[in-house]
Amino acid sequence: MKDRAVVLGGGGPVGIAWETGVAAGLALEGVKLADADFILGTSAGSFVGAQLAGGRDPQQLAAQQIELGRNPPARPAGAPTSAPDLTPLMSFIARFPPDGEPSPELRAEIGQFALSSQAMFTEDQFIAVLSDAASKDGSWPEKFACSAVDVETGDFKLWRKGDGVPLPRGVASSCAVPGIYPPIAIRGKRWMDGGMRSATCLDCAAGYRRVICLAVVPTMARTFMQARLDREATKVTAEGGQVEVIVPDDASGAAFGVNLMDATRRADITAAGIAQGRREAERLKAFWS
């Protein structure tokens with residue numbers, strides 16, 4: 001049985017800030033997520049996971065998120081200045097089964113919505129925005145994978161090093177939130193956010209002895225998302241693994257605001273994540289060492 005895995009779930013810019021902060025806080029107390037044998041990211045988690053798997057320092061990454069929150073970068077020409085509206089996408093997500101993954105047919109329906117929507121960025125602009133999700137030498141980290149969904153068929157895919165996909169393009173496909181960001185072309189197909197299959201894809205870590213999952217679960221969505229988390233965790237434990245899940249605590253949840261796509265609060269969110277990570281480390285040290 002393989003040993004340690006980290007699973008990083010989706011959650012937009014808010015999720016990137018929080019997960020980066022939690023990873024930094026855990027590392028300050030000796031719990032280093034980058035020591036995992038496998039790091040799996042979905043959507044926002046693919047951005048954070050690629051950085052951690054690629055050897056980037058979590059303290060520097062957290063400092064970068066805080067700086068971006070205080071001094072936001074210039075947006076590409078034509079990009080909207082306000083947080084995007086998630087309402088159309090949420091109408092699809094409301095149709096997801098409460099304790100299972102959506103069918104490939106529903107995912108394909110979402111894919112058609114993604115193809116027909118006006119995205120915030122062009123495909124090239126979006127890949128450029130995510131270009132910082134790179135290892136120290138720019139290569140795909142051996143132990144990293146990220147999730148995506150084929151917009152035409154609804155088929156699920158985990159991109160890995162052996163697929164030969166450039167890292168920023170693979171991460172962009174995992175982060176391509178339908179209706180907000182453009183589907184990403186890879187090998188004659190177009191791909192969208194892996195969160196259209198699962199917000200965490202925690203079950204893909206089955207076969208690992210110890211799994212830490214960071215799940216971006218806003219307080220208002222906790223009941224809605226918990227059954228799915230529990231179902232996926234059961235698939236890990238059924239193969240002999242143990243799972244520790246970190247969800248936003250009250251302080252982190254308060255920092256989130258109401259829109260996971262709103263990047264204006266990321267300095268406070270990152271700081272809340274650091275503080276939570278330091279607190280969580282106490283219960284995770286023995287589990288991870």
Side-chain angles (χ1 to χ4, degrees), residues 1-10 15-16 19-20 22-24 26-27 30-62 64 127-128 130-150 155-176 184-187 189 191 193-195 197-198 200-215 232 235-236 239-244 246 277 284 287-289:
M1 191 176 191
K2 293 168 282 191
D3 194 8
R4 292 184 291 185
V6 167
V7 175
L8 301 164
I16 289 175
E19 291 179 344
T20 301
V22 171
L26 288 169
V31 179
K32 299 179 180 179
L33 298 184
D35 288 345
D37 303 292
F38 177 52
I39 296 179
L40 169 62
T42 292
S43 197
S46 70
F47 182 84
V48 180
Q51 292 179 318
L52 294 175
R56 304 282 292 277
D57 177 58
Q59 311 310 319
Q60 292 180 0
L61 295 174
Q64 183 181 55
I127 293 171
L130 297 175
S131 62
D132 194 45
S135 56
K136 289 179 178 178
D137 62 3
S139 65
W140 191 289
E142 190 73 41
K143 61 185 177 182
F144 173 67
C146 63
S147 63
V149 170
D150 184 326
D155 290 343
F156 177 68
K157 173 71 175 178
L158 283 187
W159 297 118
R160 301 174 184 267
K161 181 179 178 66
D163 292 307
V165 176
L167 185 61
R169 185 169 288 272
V171 169
S173 74
S174 186
C175 292
I184 302 299
I186 299 176
R187 294 182 180 166
K189 298 183 178 182
W191 301 86
D193 193 321
R197 184 259 187 185
S198 164
T200 60
C201 299
L202 171 57
D203 55 315
C204 293
Y208 283 85
R209 183 175 289 105
R210 296 175 285 172
V211 180
I212 292 178
C213 174
L214 272 61
E232 293 185 3
K235 292 190 176 183
V236 178
E239 294 196 20
Q242 292 179 277
V243 180
E244 292 287 350
I246 302 175
L284 292 174
F287 175 74
W288 201 239
S289 61

Self-check item: Partners passing side-chain hydrogen bond (donor to acceptor under 3.5 Å, both in side chains) against R210 (at least two apart in sequence or in another chain)
Solution: D3
Practice problem: Please name all residues satisfying side-chain contact (heavy atoms from CB on, under 4.5 Å) with T200, sequence neighbours left out, ordered by chain then number. | Solution: V7, S198, L202, C213, A215, L229, E232
Between the main-chain N or O of [Y] and the side-chain N or O of [X], is there a donor-acceptor pair closer than 3.5 Å?
X	Y	value
K2	A205	no
K161	W140	yes
S174	V171	no
E19	G9	yes
K235	A206	no

Exercise. Apply the test side-chain contact (heavy atoms from CB on, under 4.5 Å) to residues L61 and V48: give CA-CA distance (whole Å), side-chain angles for both, the deciding distance (0.1 Å), then the verdict.
Key: CA-CA 9 Å; L61 295 174; V48 180; over 6 Å; no
Exercise. Test side-chain contact (heavy atoms from CB on, under 4.5 Å) on I212 and L33 and set out the steps.
Key: CA-CA 8 Å; I212 292 178; L33 298 184; 4.0 Å; yes
Quiz prompt | W191 ring center near W159 ring center (under 6.0 Å) | solution = yes
Quiz item: When you look at F47 and T20, which way does the side-chain contact (heavy atoms from CB on, under 4.5 Å) test go after all the steps?
Solution: CA-CA 10 Å; F47 182 84; T20 301; 5.8 Å; no
Exercise. Evaluate the side-chain contact (heavy atoms from CB on, under 4.5 Å) criterion for residues D150 and K157: first the C-alpha distance (whole Å), next the side-chain angles of each, then the deciding distance (0.1 Å), finally the verdict.
Key: CA-CA 8 Å; D150 184 326; K157 173 71 175 178; over 6 Å; no
Practice problem: For the residue pair L167 and P141, establish whether any side-chain heavy-atom pair is separated by less than 4.5 Å. | Solution: yes
Where is the tightest heavy-atom contact between [X] and [Y], given as atom of each residue plus distance?
X	Y	result
V6	A36	CG2-CB, 3.7 Å
F156	S147	CE1-CB, 3.5 Å
W288	V31	CD1-CG1, 3.8 Å

Quiz item: Taking NZ, NE, NH1 and NH2 as the nitrogens, is one of them in D203 or R197 under 4.0 Å from a carboxylate oxygen of the other?
Solution: yes
Practice problem: With sequence neighbours excluded, tell me which residues meet ring-ring contact (aromatic ring centres under 6.0 Å, His included) with F38. | Solution: Y208
